2 protein chains.
Amino acid sequence: MSKRILISDIAKSLGVSVTTISFILNGKAKEKRISDALTNRVLEYVKKVGYKPNQLAQSLRTGQTKILGLLVEDISNLFFANIAKHIEESSYASGYHLLYCSMGNDTVKAKELIQLFYDRQVDGFIITPTEGLEDVVALLLKNNVPVVLFDRYIPQVETNYVVSDNFNGAFRATKHLLENKDNRRIGFVSLYSDQTQMRDRMDGYMKALDQYQRQAYIKKIQIDEQEDIAMAQIFEFIEDNKLDAVLFATNYLAITGLKVNKKYGKLPAMVAFDDHTLFKLHEPAISVVSQRIETIAEELVKVLLRQIRNPQADVKHIVVPCDLKIRDSSTAKIK
Amino acid sequence: MSKRILISDIAKSLGVSVTTISFILNGKAKEKRISDALTNRVLEYVKKVGYKPNQLAQSLRTGQTKILGLLVEDISNLFFANIAKHIEESSYASGYHLLYCSMGNDTVKAKELIQLFYDRQVDGFIITPTEGLEDVVALLLKNNVPVVLFDRYIPQVETNYVVSDNFNGAFRATKHLLENKDNRRIGFVSLYSDQTQMRDRMDGYMKALDQYQRQAYIKKIQIDEQEDIAMAQIFEFIEDNKLDAVLFATNYLAITGLKVNKKYGKLPAMVAFDDHTLFKLHEPAISVVSQRIETIAEELVKVLLRQIRNPQADVKHIVVPCDLKIRDSSTAKIK
DNA sequence: CATTTTTGCTAAAAGGTTTTAATAGTGGTC
DNA sequence: GACCACTATTAAAACCTTTTAGCAAAAATG
């Protein structure tokens, strides 16, 4: 760690030019016809003194930072936290580091951060596109910056994305609820949101209902709603429609649903989207449509690096299957 | 965003030298006696064309990257995820970005990452020092790299840290359990770990017991233990000692404890360390010693930036109080 | 043996800033 | 009018790499 040693120091010590050393260190010895003898001598010396090139100088010259920008909606959400962990692991394995940020629902901050990360010349972006980010993502693409979206995508912007098969996840969950003859009236609790994952989950729910020729009951909650208001709304929704079962579109909504249960002592059969420690332990345990977090993370890094290495590469759309985990909440009524 | 504009472009357009512009942009106009007229002309033009200095070149020259390295033990742990979120917000507010990583219990990876972040010339480090990191942290300090530790500290290394008042948290939690006359035998479930937060929590537990002149029952679990084995151990610990109440040293252990409850249908009164969504919803709701995550995050960034701005600054040790949140699990026996 | 090709290596430019040291001009002092 | 101090600005060095373009010597070619 001590005092930084420079490539020119090595050149001086070894009596060779800086260029030669640079070539050797960048694996161009053969190509540049540096003799094996010299190559080895340099390599050994470099190892001995523990020289490491200055990343900043390197990046300045090459334009590559070996840093990826990770922008997630909310890192304190277990789904994103887990994915972030695996993204970091995958990137690390490929020699990339992560400049990270949690955007919340602050579009202004999100745009600013994308701009700032762009200014820092990150080599690529991994983004959960929250609403209002369409144009800035489009701008990135126009500037040929490698981007991969996840959790949801932007239909009008043709770029890489990795998402779960939300449609089939919701479809199978709803069908599972429908298979129980007692569940006559099945509701769907979602968010006011145009995002694709929400739309797909709703479509999956609808298709299952259509197959069984049942009526749909859909309640959307404001994204930033106070929790107690959301609780009241969910309670009302269930009561008024005498619902037998509910599919919750996100784990956060499902947790709010459970709080309704705790407060009003009433909740129908249910399935939640995204797994959570809580769901396994809850009495009864909550059935879920779980996403393959590790796979998603790996694909994200893979797709992004592919694009970085080959800017001409064609756009990839990857859809990862969901897993329906059936627990007690959908087989026996809650309380 | 389009084509990058350089400081030299501006110089040419305005017919002034690059130096002058650099001085003005870095707020040294007065000091360097640049006339107000020119200063304004430059500032306006810069704004008009939207020039932004190339961060890499800037960093290369100044040695400052405006990037902090954040190394947490496990980002998929809600406690760390929440803290990471607030650290990011605080840093962002001060114009710093975060290079992030989740270390797990992989000491080799952790050391390598610290080295890599150091090579990238991050301006400072925020670290949860997992075991085996003592020497590398000491090395950072020897190299005058600003560092602040959190969650726990390294006693033999004199550096900044921000931790919760684990001792008093555990002390008050234990005392709270002791105040209930039914709780004769109170146990403590912790990890095999020399880390300070664990030691302090145990000491707090001990002191409360001493005050009441009660026997201590302490069970330590291996950090990487399989969950089912840990469950069996906890079950045995409670059964064999006929415990009336248990204080769990981490939220993860407490969750394992709850799983014991679910499986064996038996668990005494309890208090957990660190809050979790799960605990509020559990039936009965779990009492906790909760940490002031937002305060900790803010202090971390504050202390680190202080050190970065003034390398001579004296070392800060900040201890943030914990909050005892009494819920049902410690007032009525579970089940 | 004169010419071309290949081998093995290097000087210098480029990447885009900040900062040091210097310069030309102006006004004041004795 | 010689000297000094101050004002307003700038040329060039520095930060540390990578890469382009090129050179001298050795080997190959006819």
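Letters A, B, ... mirror the listed sequences (proteins, then strands); counts begin at 1. All values derive from a computational prediction rather than experimental measurement.
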**Student:** Nearest-Å distance, NZ (A/K12) to C1' (C/dA11)?
**Tutor:**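 Those two atoms, NZ and C1', are 15 Å apart.
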**Student:** Please check if any side-chain donor atom of A/E112 sits under 3.5 Å from a side-chain acceptor atom of B/Y92, or the reverse.
**Tutor:**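 Yes, B/Y92 and A/E112 have a side-chain donor paired with an acceptor closer than 3.5 Å.
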**Student:** Bend across the helix from C/dC1-D/dG30 to C/dC30-D/dG1, to 10°, with axes taken over 5 pairs at each end?
**Tutor:**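 One end axis against the other gives 60°.
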**Student:** Could you give the CG-to-P distance, from B/L14 to D/dT10, as a whole number of Å?
**Tutor:**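 One finds 10 Å between P of D/dT10 and CG of B/L14, rounded.
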**Student:** Which letter, B, S or -, goes with each nucleotide of nucleotides 15-24 of chain C from 5' to 3', with contact meaning a protein heavy atom under 4.0 Å?
**Tutor:** BBBBBB----
**Student:** What is the distance, rounded to the nearest whole Å, between atom CG of B/D119 and atom P of D/dC16?
**Tutor:**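 That distance rounds to 14 Å.
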**Student:** Can you measure B/E31 atom CD to D/dC6 atom C1' for me and round it to whole angstrom units?
**Tutor:**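 Spelled out: CD on B/E31 to C1' on D/dC6 is 16 Å.
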**Student:** Would you name the heavy atoms of A/V163 and A/D151 that are closest together and state the gap between them?
**Tutor:**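 Looks like CG1-C, 3.8 Å.
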**Student:** Should we count CG of B/D194 as having more than 12 external heavy atoms under 6.0 Å?
**Tutor:**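 Not buried by this count: 12 neighbours or fewer within 6.0 Å.
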**Student:** Output yes when B/K111 and B/D106 qualify as a salt bridge under the 4.0 Å nitrogen-oxygen rule, no when they do not.
**Tutor:**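 Here B/K111 does not pair with B/D106 in a salt bridge, since their nearest N and O are not under 4.0 Å apart.
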**Student:** Are B/K85 and B/E88 ion-paired here, with the side-chain N under 4.0 Å from a carboxylate O?
**Tutor:**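 Result for this pair is no, no salt bridge flagged.
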**Student:** Report the distance from atom CD of B/Q64 to atom C1' of D/dC15, rounded to the nearest whole Å.
**Tutor:**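 Atom CD in B/Q64 sits about 14 Å away from atom C1' in D/dC15.
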**Student:** Figure out the CD1/P separation between A/I34 and D/dT18, and round it to whole Å.
**Tutor:**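 Taking atom P of D/dT18 as the reference, CD1 of A/I34 is at 14 Å.
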**Student:** Under 4.0 Å between a side-chain N or O of A/S35 and OP1 or OP2 of C/dT7?
**Tutor:**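 Checking A/S35 against C/dT7: no side-chain N or O falls below 4.0 Å of OP1 or OP2.
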**Student:** Hey, could you give me the CZ/CG distance between A/R120 and B/N54, rounded to the nearest 0.5 Å?
**Tutor:**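 One finds 11.0 Å between CZ of A/R120 and CG of B/N54.
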**Student:** Take the angle between the ring planes of B/F117 and A/H97 and call it parallel below 30°, perpendicular above 60°, tilted in between.
**Tutor:**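 Because their plane-to-plane angle is over 60°, the rings of B/F117 and A/H97 count as perpendicular.
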**Student:** Could you tell me the separation between the CG atom of A/D9 and the P atom of D/dC15, rounded to a whole number of Å?
**Tutor:**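 That distance rounds to 11 Å.
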**Student:** Measure the CD-CG distance between A/Q121 and A/D119 for me, rounded to the nearest 0.5 Å.
**Tutor:**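 One gets 8.5 Å once the value is rounded to the nearest 0.5 Å.
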**Student:** Who passes side-chain hydrogen bond (donor to acceptor under 3.5 Å, both in side chains) against A/E134, sequence neighbours left out?
**Tutor:**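 side-chain hydrogen bond (donor to acceptor under 3.5 Å, both in side chains) check on A/E134 returns nothing, list empty.
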